[in-house]
2 protein chains.
Amino acid sequence: MTETAPVRTAFCAKQPPRAHPRPEGQDHYTISEVAAHTGLTAYTLRWYERIGLMPYVGRSHTGQRRFRNSDLDWLAFVGKLRLTGMPVADMVRYAELLREGEHTFEERQELLESTRRDVRKRIAELQDTLAVLDYKIDFYADARRASERA
Amino acid sequence: MTETAPVRTAFCAKQPPRAHPRPEGQDHYTISEVAAHTGLTAYTLRWYERIGLMPYVGRSHTGQRRFRNSDLDWLAFVGKLRLTGMPVADMVRYAELLREGEHTFEERQELLESTRRDVRKRIAELQDTLAVLDYKIDFYADARRASERA
DNA sequence: CGGTTGCTTGGAGTGCACTCCAAGGTCCTA
DNA sequence: TAGGACCTTGGAGTGCACTCCAAGCAACCG
């Protein structure tokens, strides 16, 4: 159990203001609470920790995980990144940068900017796709209207 | 080699007008030409056909695949659907509907509309993500500017 | 004529992101 | 005191979408 010190270093501290308070107001949650809240399974949460995707999760005096609000913030962020299709390995890289402290601000910013470029590209692609779908849906709608009139 | 008749049924006939002409102007391409054009491998193209994702591909008198412009249109469309994360099985379903003829127009339209809803949702999610990324990138940019002034 | 490209089927392998389990243990609540 | 939630590690299994190959053969090109 040779843990490195609980670094919990200054990372981009805040999420944009959240609308919804967390389940129970306190700042510690068991793994099953977090699972219920995030929709991830406890297995997945432990796996995230194993592969270094969590920036250190605290433990109770008996060794149970105690997730904090900052962990939920992080998981929400990871969820967003996941939606972009970012590979887990890249997220792990970002998590590493967090653990390494403030001197990685530049690299973190670059990583996020590159991700942002990807996301913008994906949005553009999807909007393209949307145009095609609109076109085809109109085609079918027209064709069916025409055949009804016939 | 018990092929069903080359159905090549009326499907949403046109893609939205395309900007780029196809490699060589003729209406038949070998598998490697299509591979080069689409970025898919010949393996993948054959696999698409095997699983029923292609609406019948013609053959030369010697049995070689001869892709036509309509196949390239279809592959371009499949490529877009792939970008949306639609599972291959659903695309196969759509391809089946094409093969079944005009009486499936309604179901095709529904399928595309459901896909469109998904795409819109994905775009919204990505825009959400974009907002978070912007926020964090600004955070790092500010922090670095501040530390430089210090 | 030889080399490249293509054909077929069936099946094996890859990489990703989970997903789950075993096994043996601790701790908390009713 | 029983049951349930949780802990650990290592490893196996899953599902998807490819990705590639073997083997044996046909056709085309210079």
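Atoms considered below: every heavy atom in the structure, side chains included; atoms not considered: hydrogens, waters and symmetry mates. Below, read A as the first sequence line, B as the second, and so on, with proteins coming before strands; counting in each chain starts at 1.
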Does a nitrogen or oxygen in the side chain of [X] sit under 4.0 Å from OP1 or OP2 of [N]?
| X | N | value |
| --- | --- | --- |
| A:R65 | D:dC7 | yes |
| B:R59 | C:dT8 | yes |
| B:H61 | D:dC28 | yes |
| B:Y48 | D:dC18 | yes |
| A:Y43 | C:dC18 | no |

Exam field: side chain [X] to backbone [Y], donor-acceptor pair closer than 3.5 Å:
| X | Y | answer |
| --- | --- | --- |
| B:D71 | B:R68 | yes |
| A:R120 | B:L130 | no |
| B:T115 | B:L111 | yes |
| A:T38 | A:V34 | yes |

Side chain of [X] only, heavy atoms from C-beta on: which candidate in [options] is closest?
| X | options | result |
| --- | --- | --- |
| A:T44 | C:dA17, C:dC18, D:dC7 | C:dC18 |
| B:T62 | D:dC7, C:dT19, D:dC28 | D:dC28 |
| B:Q64 | C:dT5, C:dC18, D:dA5 | C:dT5 |
| B:I31 | D:dC18, C:dT8, C:dC7 | C:dC7 |

Value in whole Å for how far the [atom2] atom of [N] lies from [atom1] of [X]:
| X | N | atom1 | atom2 | value |
| --- | --- | --- | --- | --- |
| B:D90 | D:dG15 | CG | P | 17 Å |
| B:R50 | D:dA17 | CZ | P | 16 Å |
| B:H28 | D:dC28 | NE2 | C1' | 13 Å |

(request) Mind checking B:T30 for me? I need base, sugar-phosphate or nothing, with any heavy atom below 4.0 Å counting as a touch. (result) sugar-phosphate
(request) Could you check whether B:R82 gets within reach of a base, just the sugar-phosphate, or nothing at all, counting any heavy atom under 4.0 Å? (result) sugar-phosphate
(message) By nearest heavy atom, map B:A89 and A:F67 onto DNA chain D; which one lands nearer the 5' end?
(response) A:F67
(message) Run the salt bridge (Lys or Arg N to Asp or Glu O under 4.0 Å) test on A:E125 and A:R122 for me, step by step, so that the C-alpha distance in whole Å, both residues' side-chain angles and the decisive distance to 0.1 Å come before the verdict.
(response) CA-CA 5 Å; A:E125 287 167 350; A:R122 300 257 321 109; 3.1 Å; yes
